[in-house]
Amino acid sequence: MSQTQLASVSRGNSLVLQILIGILAGGVLAYLSPELAGTAGLLGQLFVSALKAVAPILVFVLVAASIANQKQGQRANMRPIIGLYLIGTLAASLTAVTMSFLFPTTLEFAATDASITPPEGISQVLSTLLFNIVDNPVNALMSGNYIGILAWAIGLGIALHHASNETKRVFSDVSEGVSMIVRFVIRFAPLGIFGLVASTLAKSGFDALMGYLHLLGVLLGSMATIALVVNPLIVYIKTRQNPYPLVFRCLRESGLTAFFTRSSAANIPVNMQLCRRLDLDEDTYSVSIPLGATINMGGAAITITVLTLAAVHTLGIQVDIATAVLLSVVAAVSACGASGVAGGSLLLIPLACNLFGIPQEIAMQVVGIGFTIGVLQDSAETGLNSSTDVVFTAAACLGEERKNS
């Protein structure tokens with residue numbers, strides 16, 4: 001490993017340590033002075049807003065420059081990465097089904113906001129994705145529509161592939177400039193996460209979660225199984241190497257930040273930097289990371305499956321193996337479209353509940369329970385989704401190296 005790479009890894013570890021200090025300091029401030037902790041939330045809001053602001057531009061410029069400058073015969077390993085994303089999401093659904101049957105959960109239904117409108121079916125989810133692809137590029141950048149951003153960036157990159165070297169160089173320079181801005185923003189992660197932790201604990205605490213400990217246990221247990229058992233197994237099959245150093249590093253440097261920002265989109269710049277420190281192929285991760293933020297949704301698949309089966313168990317509905325497998329497929333497909341639906345994975349629960357004939361009123365109460373436990377559920381879901389993007393990208397790159405060696 002070169003001195004530059006060693007210095008990069010050292011900076012990454014230093015940043016993680018600073019983030020951990022920020023987490024502890026935020027918790028202490030929330031305990032000692034909830035009022036001051038609520039004010040500190042401004043730091044967290046500023047940090048997340050800065051990441052969300054720079055991420056769309058970073059993705060657009062980086063993907064376009066990468067494709068435009070790609071040399072003839074150069075491979076980006078995208079096919080195996082997409083395969084890993086889909087396999088991982090389906091495996092997450094099947095794991096959630098297994099955990100839900102091993103540890104069945106029942107819920108106490110209460111009134112909730114029924115004015116939220118979920119999608120009516122898989123066709124609506126797919127339709128949303130298709131229309132996101134042909135979205136106006138300016139609107140896609142402004143709204144953070146990463147499907148549309150990717151589509152336009154790929155199209156522009158292909159169009160510029162035969163442009164002059166000077167034009168390609170301009171795109172490369174712009175890409176490097178935006179990357180420098182991203183690195184500057186990420187340096188403020190410890191302060192931002194300090195503010196997020198302090199304000200979250202001051203406002204919500206964990207009192208509202210006590211009544212749902214069993215449900216949270218099934219959700220978090222399923223996510224931990226994917227992160228620590230299933231994903232490492234997939235990486236080992238792909239690379240034939242010990243997967244845990246990679247998995248733990250991705251959880252530490254990507255999952256930890258995503259847990260507190262609770263936004264896969266905001267964590268795209270963090271993942272880009274981690275891929276760079278891992279010395280992965282830039283032509284690969286510049287496309288796979290933003291793509292993973294839109295379709296690699298193992299955590300969302302777990303949320304949809306566990307909460308749906310909790311409603312099923314509560315209502316005493318009998319479920320056979322075939323229906324459970326069908327639920328896994330529906331949850332996996334729906335999870336891939338979660339980023340295109342306002343409200344994310346929780347609003348796709350009524351879609352899965354419809355498989356069992358559960359009334360809309362009951363399904364929306366399940367959504368309400370999901371929002372109640374969202375302090376932990378959404379954080380863990382985002383941490384799993386985002387860290388897995390890097391895990392699978394690195395696995396595909398290492399697998400390709402092993403194949404060519």
Side-chain angles (χ1 to χ4, degrees), residues 1-9 11-12 50-82 132-188 265-294 389-390 393-394 396-397 400-401 404:
M1 184 178 288
S2 67
Q3 288 186 344
T4 302
Q5 290 173 315
L6 282 171
S8 180
V9 171
R11 286 195 298 271
L51 283 176
K52 285 184 176 180
V54 75
I57 302 173
L58 172 70
V59 170
F60 180 79
V61 174
L62 200 60
V63 172
S66 175
I67 295 176
N69 287 281
Q70 194 171 38
K71 295 177 175 59
Q72 287 284 43
Q74 191 174 3
R75 302 180 62 184
N77 304 324
M78 287 308 302
R79 184 178 297 177
I81 293 175
I82 293 173
N132 281 343
I133 291 174
V134 295
D135 192 12
N136 180 286
V138 176
N139 184 66
L141 287 168
M142 292 177 63
S143 62
N145 168 19
Y146 286 91
I147 292 289
I149 292 170
L150 275 172
W152 281 99
I154 291 171
L156 181 61
I158 293 173
L160 293 175
H161 189 64
H162 301 290
S164 66
N165 290 332
E166 290 77 10
T167 301
K168 294 179 182 180
R169 183 63 186 172
V170 168
F171 263 80
S172 296
D173 289 343
V174 172
S175 173
E176 182 58 33
V178 175
S179 297
M180 288 180 63
I181 295 174
V182 168
R183 289 193 288 271
F184 176 77
V185 172
I186 290 175
R187 288 304 305 163
F188 288 92
N267 216 50
I268 287 175
V270 177
N271 281 351
M272 293 279 200
Q273 292 301 308
L274 176 54
C275 287
R276 177 175 295 191
R277 290 196 295 273
L278 289 170
D279 198 27
L280 303 182
D281 178 28
E282 185 173 354
D283 289 326
T284 299
Y285 72 72
S286 64
V287 179
S288 69
I289 293 303
L291 182 63
T294 60
D389 294 345
V390 184
T393 297
C397 291
E400 191 65 25
E401 290 178 6
N404 294 332

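Reckoned from all heavy atoms, side chains included, excluding hydrogens, waters and symmetry mates.
Here the shortest heavy-atom pairing between C397 and L280 reads CB-CD2, 4.1 Å. Between F184 and F188, the closest heavy-atom pair is O-CD1, 3.3 Å. V54 approaches P269 most closely through the heavy-atom pair CG1-CG, 4.3 Å. Nearest heavy-atom pair across E282 and R276 is OE2-NH2, 4.5 Å. The minimum heavy-atom distance between L141 and I57, with the atom names listed, is CD2-N, 4.3 Å. Among all heavy-atom pairs drawn from Y285 and P290, the shortest one is O-CD, 3.9 Å.
Here CD of E400 is found 10.0 Å from CD1 of I81. Values are rounded to the nearest 0.5 Å. Atoms OG and CD1, on S286 and I268 in that order, are 12.0 Å from each other to the nearest 0.5 Å. For the atom pair L156 CG and I154 CD1, the distance stands at 11.0 Å (nearest 0.5 Å). With values rounded to the nearest 0.5 angstrom, Q273 atom CD is found 11.5 Å from L278 atom CG. Taken to the nearest 0.5 Å, the CG atom of L274 stands 8.0 Å off from the CD1 atom of I289. With rounding to the nearest 0.5 angstrom, the CZ atom of R169 is 13.0 Å from the OG atom of S164.
At distances below 3.5 Å, at least one donor-acceptor pair connects side-chain atoms of W152 with backbone N or O atoms of D135.
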